[in-house]
Visitor: 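Have a look at this one before I ask anything.
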Amino acid sequence: MLEVKGLVKRFQKQLAVDQLDARLEGGEVVGLLGPNGAGKSTTIKCIVGLLRKDAGEIYIGGHDHLSLEAKRLFAYIPETPNVYDLLTIDDHLKFIAQAYSLTHWQPYAEELLEAYDLLDKRDKLGRDLSKGMRQKVSICCALLHDPQVLFFDEPMIGLDPKAIRQTKLIFKQLKEKGKTILVSTHLIDSVEHIADRVMIMKAGKVVHNDTVASLREQYSGDALSSLEDLFLELTKDA
Ligand SMILES: Nc1ncnc2c1ncn2[C@@H]1O[C@H](COP(=O)(O)OP(=O)(O)OP(=O)(O)O)[C@@H](O)[C@H]1O
């Protein structure tokens, strides 16, 4: 469902992503982990077409990632949520529904607003929303068109504990529906139990790419060690 071959992204002399290869099968949930500056956000931004890659090929559902066909398939939830200052929460959802020519979208929109405690705030303007509320709106908008592939970049940042729990539940539901998910996060426990696999990046490269169970076996030998312990062990000289 996602194929990345030889992705390179430089910022002047800084090599942010260095010949990265990645492949996600349909229905796979993959956690993208790595220390600050490892290249996670840059990788995701290149995949969704927000940053121009310097080299490499990226396909989503078999289509070039910049094609309209690819864009119909995926949703991107950015690290810093962008909302329109002068649109209400309801307007944001209507806008997405129109952009994707959705019909009969209102029941799902109501469900999402309810899940994120936004029903009583639906008439608030974007400029009047808190950071966490913006993040919630960004997630609701991303889910509304029922994308096949979802790219989440630090989705939990700014969310309150209830919304974090809700987002974990949404991950679980999306996984059950067979969606393909790539989620970059520092909140390792948020993906530990749903990720089929984790990719750990360091200095622009994927340095580990395996199931949590297999990484445990190879590098810790301790079946009880958490993914967080494992991550710290695997990136300790970063
Ligand atoms: N717009 C930019 N201009 C110049 N350098 C950048 C830019 N964006 C990222 N970088 C650099 O590229 C490298 C990778 O950054 P990136 O934001 O992808 O890391 P990350 O793994 O997402 O980090 P974090 O966990 O801190 O969000 C870093 O060295 C960063 O300084």
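Just so you know, ligand 1 is whichever comes first in the structure, and atom 1 is the first atom listed for that ligand. Values in this document were obtained by computation on a predicted structure and should not be read as measured data.
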Visitor: Under 3.5 Å, sequence neighbours excluded: what are the donor-acceptor pairs made by side chains of residues 42-55?
Guide:
| residue | atom | partner | partner atom | Å |
| --- | --- | --- | --- | --- |
| Thr43 | OG1 | Gly39 | O | 2.7 |
| Lys53 | NZ | His65 | NE2 | 2.9 |
| Asp54 | OD2 | Arg10 | N | 2.6 |

Visitor: Report, in ascending order of atom number, the atoms of ligand 1 lying under 4.0 Å from any heavy atom of Pro35.
Guide: 21 (O)

Visitor: Considering only the protein, which heavy-atom contact is closest to atom 9 (C) of ligand 1, and what is its distance?
Guide: Phe11 CE1, 3.4 Å

Visitor: Is the closest N or O pair between Ala38 and ligand 1 shorter than 3.5 Å?
Guide: yes

Visitor: Side chain or backbone of Gln14 under 4.0 Å from ligand 1, or both, or neither, by non-hydrogen atoms?
Guide: side chain

Visitor: When you look at Phe152 and Tyr76, which way does the ring pair (Phe, Tyr, Trp, His ring centres under 6.0 Å) test go after all the steps?
Guide: CA-CA 6 Å; Phe152 287 93; Tyr76 165 58; 9.6 Å; no

Visitor: Do the side chains of Lys136 and Asp117 get close enough for a salt bridge, i.e. N-O under 4.0 angstrom?
Guide: no

Visitor: Taking the six-membered ring of Phe74 (Phe, Tyr or Trp), confirm whether the NZ or CZ of Lys71 is under 6.0 Å from its centre and within 45° of its axis.
Guide: no

Visitor: Among all protein heavy atoms, pick out the one at the shortest distance from atom 21 (O) of ligand 1; state its residue, atom name and that distance to 0.1 Å.
Guide: Lys40 NZ, 2.7 Å

Visitor: Please indicate whether any nitrogen or oxygen in Asn36 is less than 3.5 Å from any nitrogen or oxygen in ligand 1.
Guide: yes

Visitor: So which protein heavy atom does atom 19 (O) of ligand 1 come closest to, and at what separation?
Guide: Gly39 N, 3.2 Å

Visitor: Of the listed options (Gly34, Ser41, Gly37), which comes nearest to atom 14 (C) of ligand 1 when hydrogens are ignored and any heavy atom counts?
Guide: Gly37

Visitor: For ligand 1, is any non-hydrogen atom under 4.0 Å from His186's backbone (N, CA, C, O), its side chain (CB onward), both, or neither?
Guide: side chain

Visitor: Record the part of Glu154 in heavy-atom contact with ligand 1 below 4.0 Å; permitted values are side chain, backbone, both and neither.
Guide: neither

Visitor: Between Asp18 and Lys205, does any side-chain N to carboxylate O distance fall below 4.0 Å?
Guide: yes

Visitor: At their closest point, which heavy atom of Met156 faces which heavy atom of Leu187, and how far apart are they?
Guide: CB-CD1, 3.4 Å

Visitor: Tell me which protein heavy atom sits closest to atom 16 (P) of ligand 1, plus the residue, atom name and distance to 0.1 Å.
Guide: Thr42 OG1, 3.5 Å

Visitor: Could Glu25 and Arg23 be called an ion pair, given the rule that one side-chain N must be under 4.0 Å from one carboxylate O?
Guide: yes

Visitor: Are Ser41 and Glu79 close enough that a side-chain donor and a side-chain acceptor fall under 3.5 Å?
Guide: yes

Visitor: What's the shortest distance from atom 12 (O) of ligand 1 to any protein heavy atom, and which residue and atom give it?
Guide: Ala16 CB, 3.4 Å

Visitor: For atom 31 (O) of ligand 1, is there a protein heavy atom at a distance under 4.0 Å?
Guide: no

Visitor: Is the Phe95 to Tyr84 ring centre distance short of 6.0 Å?
Guide: yes

Visitor: Output the list of atoms in ligand 1 that are nearer than 4.0 Å to some heavy atom of Glu79, sorted by atom number.
Guide: 27 (O)

Visitor: Could you tell me if any non-hydrogen atom of Gly204 lies under 4.0 Å from any atom of ligand 1?
Guide: no

Visitor: So, taking the atom named CD1 in Ile96 and the one named CH2 in Trp105, what distance separates them when rounded to the nearest 0.5 Å?
Guide: 10.5 Å

